[in-house]
Amino acid sequence: MEVRVKNIVKEFARFPALENVSLDIRSGELIALLGPSGSGKTTLLRLIAGLETPTTGQIFFGDEDASQKTVQQRNIGFVFQHYALFRHMTVLENVSFGLKVRSGDRRPPADEIRRRALELLDLVQLSGLETRYPAQLSGGQRQRVALARAMAVEPNVLLLDEPFGALDAQVRRELRKWLRDIHDHTGHTTVFVTHDQEEALELADRVVVMSKGKIEQVGTADEIYDTPASPFVYGFIGESNVLPVRIEGGEIWFEDRPIGVKAEGHADGDGRLYFRPHDIEMLEGCGGCLAGIVTASRRVAGTRHVEVSTGASNASVEIELPIDRGNVDGSRLAFRPKKWTLFR
């Protein structure tokens, strides 16, 4: 099911939670809404679900305007961060619930409900646990039950609000791969909210980066990471450095010297130079470079990240070094960005 969000504005007591947001979600796509707290990602998810009504704008399911339809009329599957399972029901009863409460001819026969629920429990790798209660399950198992319950109604769209937020890091990693496999198997149009960029980049077909009620960029993991569309996206996704620079005659200058980086096609004037800690080349000495004193270092997996105080302004940047470089605290390093972006 294709979902189109068109010029959505959502206000709470005149506070703008979303400002003129438009988004096309392709049928069968797994898409992530990513952003810091207060960016509007959960509000957008709730609007798609029908749990909130837009102040202005429309939401289409296929060619049909669903803006004023209820959750039930939209046939949404919703998975919450804290599972929202019925504690007094068994696993099988929880998964079957959405089908059992359907009215009239929309409710399948009892044996069909049981068959579908057992199939889903097998799909989410919980076969044999159908008689247990939620309190007898681990957090990861409860989230699998919640997903099976959401899929049981064969939803037009599957929505997940911080689905792994209540789980520890190791379980989160395991469930990411599992959710991707489930999505590829079922083909549901799926939208999930997260503030975890690693989760979004690993799982989603496309990532929607949001800030202050607006969409900053929509793209694949590679597009978002390698070609950020704004300073916010560059700073929010991955690790990055930013230095105040100026452009003169097609060269980038930091403070009183060129840094050996060409900026052909960029007009003269002030700008901000963004680059990532690993996108640098180390230099033994240079006529044009960035240089400074190492003020701190820390090991990050198989690399060493060091903070370098550069220039008269003591602007600090972080660069990545091989672990065999050893202790560099207090030493002077010279380097140059290999891959960078200028924002004016």
Side-chain angles (χ1 to χ4, degrees), residues 1-10 18-35 39-52 54 57-69 71-79 123 147 150-164 175-211 213-230 233 236-237:
M1 174 68 72
E2 179 187 11
V3 178
R4 288 188 297 122
V5 176
K6 185 177 179 182
N7 304 125
I8 286 291
V9 172
K10 179 60 180 177
L18 292 175
E19 299 182 44
N20 197 33
V21 167
S22 294
L23 175 66
D24 290 345
I25 301 170
R26 302 160 190 158
S27 181
E29 186 173 32
L30 175 58
I31 200 163
L33 305 181
L34 173 67
S39 60
K41 56 189 186 296
T42 295
T43 299
L44 179 55
L45 192 80
R46 290 175 62 84
L47 283 161
I48 295 171
L51 295 170
E52 302 284 354
Q58 296 169 290
I59 296 172
F60 291 87
F61 279 30
D63 295 327
E64 188 175 9
D65 188 350
S67 305
Q68 303 303 319
K69 289 191 172 185
V71 179
Q72 291 76 18
Q73 290 169 330
R74 298 183 197 197
N75 192 30
I76 291 293
F78 207 112
V79 180
L123 181 65
L147 183 59
M151 291 191 298
V153 298
E154 297 180 338
N156 289 326
V157 183
L158 185 60
L159 305 176
L160 303 95
D161 188 9
E162 298 272 8
F164 310 136
L175 287 187
R176 283 179 204 158
K177 182 180 184 304
W178 170 80
L179 178 60
R180 182 72 236 190
D181 291 343
I182 291 288
H183 175 267
D184 292 342
H185 178 84
T186 61
H188 288 302
T189 301
T190 304
V191 184
F192 74 98
V193 161
T194 182
H195 64 270
D196 185 329
Q197 56 181 271
E198 182 180 319
E199 193 166 276
L201 296 176
E202 181 181 334
L203 265 177
D205 296 318
R206 287 190 301 155
V207 179
V208 180
V209 182
M210 301 186 67
S211 173
K214 298 179 181 178
I215 292 177
E216 292 276 341
Q217 187 173 356
V218 182
T220 64
D222 287 344
E223 290 167 344
I224 294 291
Y225 189 87
D226 293 332
T227 54
S230 69
V233 177
F236 185 70
I237 301 295

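All values derive from a computational prediction rather than experimental measurement.
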In the structure I gave you, are the side-chain heavy atoms of Tyr225 and Val207 within less than 4.5 Å of one another anywhere? no
Go through the steps to decide whether Val157 and Phe78 satisfy the test side chain to side chain contact (heavy atoms under 4.5 Å, CB included), and finish with yes or no. CA-CA 9 Å; Val157 183; Phe78 207 112; over 6 Å; no
Within a strict 4.5 Å, meaning less than it, do heavy atoms of the Ile76 and Pro155 side chains meet? no
Please report the C-alpha distance between Leu201 and Ile237 in whole Å, then the side-chain angles of each, then the deciding distance to 0.1 Å, and finally whether the side chain to side chain contact (heavy atoms under 4.5 Å, CB included) criterion is met. CA-CA 9 Å; Leu201 296 176; Ile237 301 295; 4.1 Å; yes
Min side-chain heavy-atom separation Gln197-Ile224 under 4.5 Å: no
Given side chains that start at C-beta, do those of Glu199 and Leu179 come closer than 4.5 Å, heavy atoms only? no
Do Leu160 and Leu147 touch side chain to side chain, with heavy atoms closer than 4.5 Å? yes
CD of Glu2 to CD of Glu29: how many Å apart, nearest 0.5 Å? 10.0 Å
Is any side-chain N of the basic residue among Arg206 and Glu223 closer than 4.0 Å to the acidic one's carboxylate O? no
Lys/Arg N to Asp/Glu carboxylate O, Asp65 vs Arg4, below 4.0 Å: no
When you measure from the side chain of Thr189 to the backbone N and O of Ser27, does any donor-acceptor pair fall under 3.5 Å? no
Main-chain N/O of Leu203 paired with Arg180 side-chain donor or acceptor, under 3.5 Å: yes
So, the side chain of Gln217 versus the backbone of Thr227: is there a donor-acceptor pair under 3.5 Å, distance only? yes
Less than 4.5 Å apart, any side-chain heavy atom of Thr186 and any of Leu123? yes
Using a distance-only test with no angle check, is there a side-chain donor-acceptor pair under 3.5 angstrom linking Asp222 and Thr220? no
Using 0.5 Å steps for rounding, measure from the CD1 atom of Ile59 to the CD atom of Gln68. 9.5 Å
Side-chain donor/acceptor of Arg74 to backbone N/O of Ala66, under 3.5 Å: yes
Between the main-chain N or O of Asn7 and the side-chain N or O of Ser22, is there a donor-acceptor pair closer than 3.5 Å? yes
Under 3.5 Å: donor-acceptor pair, side chain of Glu52, backbone of Thr43: no
Looking at Val193, is its backbone amide N or carbonyl O close enough to the side chain of Lys41 to form a donor-acceptor pair, meaning the two atoms are under 3.5 Å apart? no
Member of Ile215, Leu44, Val208 meeting the side chain to side chain contact (heavy atoms under 4.5 Å, CB included) criterion with Val5: Leu44
Side-chain heavy-atom pair Asp181, Trp178 within 4.5 angstrom cut-off: no
Are there over 12 heavy-atom neighbours, none belonging to Asp63, within less than 6.0 Å of that residue's CG? no
Side chain to side chain contact (heavy atoms under 4.5 Å, CB included) assessment of Met210 paired with Leu18: CA-CA 10 Å; Met210 301 186 67; Leu18 292 175; 3.7 Å; yes
Would a 4.5 Å heavy-atom cut-off, applied to side chains only, mark Ile48 and Ile25 as touching? yes
Can you see which heavy atom on Ile8 is nearest to which on Gly57, and at what distance? CD1-C, 3.6 Å
Does any N or O in the side chain of His183 come within less than 3.5 Å of the main-chain N or O of Gly28, such that one atom is a donor and the other an acceptor? yes
The reported gap from CG in Leu33 to OG in Ser39 (rounded to nearest 0.5 angstrom) is 8.5 Å
Candidates Leu45, Thr194, Asp196 - the one meeting side chain to side chain contact (heavy atoms under 4.5 Å, CB included) with Glu162: Thr194
Output the distance between atom CZ (Phe192) and atom CG (Asp161), rounded to the nearest 0.5 Å. 11.5 Å
Nearest 0.5 Å please: distance from the NZ atom of Lys214 over to the CG atom of Asn20. 9.0 Å
Could you state the interatomic distance from CG (Leu30) to OG1 (Thr190), rounded to the nearest 0.5 Å? 5.5 Å
